[in-house]
A.B. asks: 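Would you mind keeping the following structure in view while I ask a few things?
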Amino acid sequence: MRVGAIAHARMSSSRLPGKVLRPLAGRPALALLLDRLALAREPDVVAVATSDRPEDDPIAELCAARGTPCHRGPLDDVAARMLGAAEALGLDAFVRVNGDSPLIDPALVDRAIRLLHARGCDLVTNVFPRSFPVGQSVEAIRVEAMRTAVAEMTDPAHREHVTQWFYAHPERVRIESFTSDDGDFSEMVLALDTPEDAAAVEAVVARMERPVEEYGWREIAELRRSL
């Protein structure tokens, strides 16, 4: 099975425009995310799925400069864009990661992929139910199941949010969940969702005494709590 980690990213966020290229730890946030994903052991490839709109050219340019595969597709149909990226890469499954999550823990990506292999399910998730912080969300999805889902999606919200169709049809798909062993962190935000969230993430990074890539999500959460 060929598995990739795919981050979907766009510049046109309504709450924090350009957030995925916001400077963080001396590099664009998306570059930091890709550097952290590169530390995961299970993915065969790390890639980006962005839109085909001109405003997302800077994302494609960043990927080209890094040698990171970048697939471009519909802005609002993120589900089709992610499926297109997975198919272009020849993947059997992929881990969906949000582009505004620069502090994602690669160990969670590995855990999701290992569970997908072990349980033979269609979707492995740590957001249904959520116990990890926002910004530590991973979903490992079989491409065959994603094809079925995209073909049957009629609700625009399902196309925008990629996996809502799966959770709305648990009788149609095999879903495996995993939760935090350290309590409920679901109210904590470690993503660049709003200016306030971005300021908190920047403050967390400023307190780090080692390279950002060396911090797992638990240490990051403790730093966030200490602010």
Side-chain angles (χ1 to χ4, degrees), residues 1-9 20 24-25 27-49 66 68-69 82 86 89 91-142 162-163 175-193 197 200-202 204-205 207-226:
M1 180 185 292
R2 178 170 164 82
V3 185
I6 305 176
H8 57 85
V20 297
L24 188 63
R27 70 201 99 163
L30 180 60
L32 175 57
L33 167 61
L34 295 172
D35 287 341
R36 289 178 66 86
L37 287 176
L39 297 176
R41 297 180 177 181
E42 298 293 335
D44 296 294
V45 63
V46 173
V48 171
R66 293 175 54 93
T68 299
M82 294 294 278
L89 292 165
L91 301 180
D92 300 296
F94 65 94
V95 177
R96 173 213 179 188
V97 178
N98 292 313
D100 66 356
S101 303
L103 300 181
I104 193 75
D105 192 332
L108 298 180
V109 174
D110 286 339
R111 184 174 177 182
I113 294 173
R114 286 195 293 266
L115 276 171
L116 192 73
H117 284 303
R119 304 296 170 83
C121 49
D122 299 305
L123 169 66
V124 172
T125 175
N126 72 347
V127 299
F128 189 77
R130 178 181 293 281
S131 61
F132 291 89
V134 176
Q136 297 295 328
S137 304
V138 294
E139 294 169 306
I141 310 160
R142 288 187 184 271
V162 184
T163 52
I175 300 175
E176 184 78 25
S177 300
F178 68 96
T179 57
S180 163
D181 299 324
D182 300 299
D184 184 1
F185 290 80
S186 59
E187 298 300 317
M188 180 178 289
V189 178
L190 296 174
L192 304 175
D193 191 38
D197 296 334
V201 168
E202 289 164 358
V204 165
V205 170
R207 292 195 174 198
M208 293 180 175
E209 298 177 347
R210 310 191 309 276
V212 182
E213 288 85 346
E214 294 183 9
Y215 284 78
W217 78 267
R218 294 175 183 83
E219 283 186 287
I220 295 170
E222 289 305 314
L223 288 173
R224 177 67 181 87
R225 281 177 166 171
S226 70

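Along the sequence shown, the residues carry numbers beginning at 1.
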A.B. asks: Over all heavy atoms of both residues, which pair between Glu219 and Glu214 is shortest? Give the atoms and the distance, please.
C.D. replies: OE1-O, 3.9 Å
A.B. asks: When you measure from the side chain of Arg142 to the backbone of Cys121, do you find a donor-acceptor pair of N or O atoms at a distance under 3.5 Å?
C.D. replies: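 Indeed, once roles are kept as given, a pair shorter than 3.5 Å links the two residues.
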A.B. asks: Without swapping roles, check the side chain of Ser177 against the backbone of Phe128 for a donor-acceptor pair under 3.5 Å.
C.D. replies: yes
A.B. asks: Hey, what do you get for CD (Glu213) to CG (Leu39), rounding to the nearest 0.5 Å?
C.D. replies: 6.5 Å
A.B. asks: Evaluate the criterion side-chain contact (heavy atoms from CB on, under 4.5 Å) for residue pair Arg66 and Asp35; output intermediate values, then yes/no.
C.D. replies: CA-CA 10 Å; Arg66 293 175 54 93; Asp35 287 341; 2.9 Å; yes
A.B. asks: Do Thr125 and Thr163 have side chains that approach each other closer than 4.5 Å (heavy atoms only, starting at C-beta)?
C.D. replies: no
A.B. asks: Does some side-chain heavy atom of Val138 sit less than 4.5 Å from a side-chain heavy atom of Ile113?
C.D. replies: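 No, too far: nothing below the 4.5 Å cut-off.
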A.B. asks: Considering residues at least two apart in sequence or located in another chain, which fulfil the side-chain hydrogen bond (donor to acceptor under 3.5 Å, both in side chains) criterion with Glu187?
C.D. replies: none
A.B. asks: What distance separates Ile175 CD1 from Arg119 CZ, expressed to the nearest 0.5 Å?
C.D. replies: 14.5 Å
A.B. asks: Check the pair Ile141, Met82 against side-chain contact (heavy atoms from CB on, under 4.5 Å), reporting the backbone distance first and the verdict last.
C.D. replies: CA-CA 11 Å; Ile141 310 160; Met82 294 294 278; over 6 Å; no
A.B. asks: Atom CD in Gln136, atom CG in Asn126: separation rounded to 0.5 Å?
C.D. replies: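 Here the rounded value is 8.5 Å.
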A.B. asks: Between Arg207 (side chain) and Ser226 (backbone), is there a donor-acceptor pair under 3.5 Å?
C.D. replies: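 Looks like yes, one N/O pair under 3.5 Å.
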A.B. asks: Could you tell me which non-hydrogen atom of Gly99 sits nearest to which non-hydrogen atom of Ala9, and how far apart they are?
C.D. replies: CA-CB, 4.3 Å
A.B. asks: Compare every heavy atom of Ile6 with every heavy atom of Ala86, then report the nearest pair and how far apart it is.
C.D. replies: N-CD1, 3.9 Å
A.B. asks: Given side chains that start at C-beta, do those of Val95 and Glu42 come closer than 4.5 Å, heavy atoms only?
C.D. replies: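 No, their side chains stay 4.5 Å or more apart.
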A.B. asks: For residues Pro43 and Leu37, determine if any side-chain heavy atom of one lies less than 4.5 Å from a side-chain heavy atom of the other.
C.D. replies: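 No, their side chains stay 4.5 Å or more apart.
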A.B. asks: Where do Ser137 and Arg130 land on the side-chain hydrogen bond (donor to acceptor under 3.5 Å, both in side chains) test, with the steps shown first?
C.D. replies: CA-CA 8 Å; Ser137 304; Arg130 178 181 293 281; 3.0 Å; yes
A.B. asks: What's the spacing between Asp100 CG and His8 NE2 if we round to 0.5 Å?
C.D. replies: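 It comes to 8.0 Å.
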A.B. asks: Are the side chains of Val134 and Met188 in touch, meaning some heavy atoms are under 4.5 Å apart?
C.D. replies: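 No, their side chains stay 4.5 Å or more apart.
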A.B. asks: Do Phe94 and Leu89 come close enough that some side-chain heavy atom pair is under 4.5 Å?
C.D. replies: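 When only atoms from C-beta onward are counted, Leu89 and Phe94 do not touch, as no gap falls below 4.5 Å.
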A.B. asks: Can you give me the closest heavy-atom contact between Asp105 and Trp217, atom names plus distance?
C.D. replies: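 Of all heavy-atom pairs spanning Asp105 and Trp217, the closest is OD2-N, 2.8 Å.
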A.B. asks: Given side chains that start at C-beta, do those of His117 and Val3 come closer than 4.5 Å, heavy atoms only?
C.D. replies: yes
A.B. asks: Identify the heavy atoms of Gly135 and Ala191 that sit nearest to each other, and give their distance.
C.D. replies: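 Closest pair (atom of Gly135, atom of Ala191, distance): CA-CB, 3.9 Å.
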A.B. asks: Which residues pass the side-chain hydrogen bond (donor to acceptor under 3.5 Å, both in side chains) test with Arg2, sequence neighbours left out?
C.D. replies: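 Arg2 satisfies side-chain hydrogen bond (donor to acceptor under 3.5 Å, both in side chains) with no residue once adjacent residues are dropped.
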A.B. asks: Counting heavy atoms not belonging to Arg210, are there more than 12 under 6.0 Å from its CZ?
C.D. replies: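 More than 12 heavy atoms, drawn from other residues, nucleotides or ligands, come within 6.0 Å of this atom.
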A.B. asks: To the closest 0.5 Å, what do you measure between CZ (Arg225) and CZ (Phe185)?
C.D. replies: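 Result: 4.0 Å between the selected atoms.
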A.B. asks: Please identify each residue that fulfils side-chain contact (heavy atoms from CB on, under 4.5 Å) with Val212, with sequence neighbours left out.
C.D. replies: Ala25, Leu32, Arg36, Leu103, Val205, Met208
A.B. asks: Give a yes or no on whether the backbone of Ser180 and the side-chain of Ser131 come within a donor-acceptor separation of less than 3.5 Å.
C.D. replies: yes
A.B. asks: Using atom types as modelled and distance alone, determine if a side-chain donor or acceptor of Asp184 lies under 3.5 Å from a backbone N or O of Ser186.
C.D. replies: yes
A.B. asks: Measuring from Asp197:CG to Glu202:CD, what's the distance to the nearest 0.5 Å?
C.D. replies: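 Result: 11.0 Å between the selected atoms.
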A.B. asks: Are the side chains of Glu176 and Leu123 in touch, meaning some heavy atoms are under 4.5 Å apart?
C.D. replies: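 With C-beta onward as the side chain, the pair stays apart.
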A.B. asks: Do you know which two heavy atoms are closest between Val201 and Leu190, and how far apart they sit?
C.D. replies: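 The answer is CG2-C, 3.9 Å.
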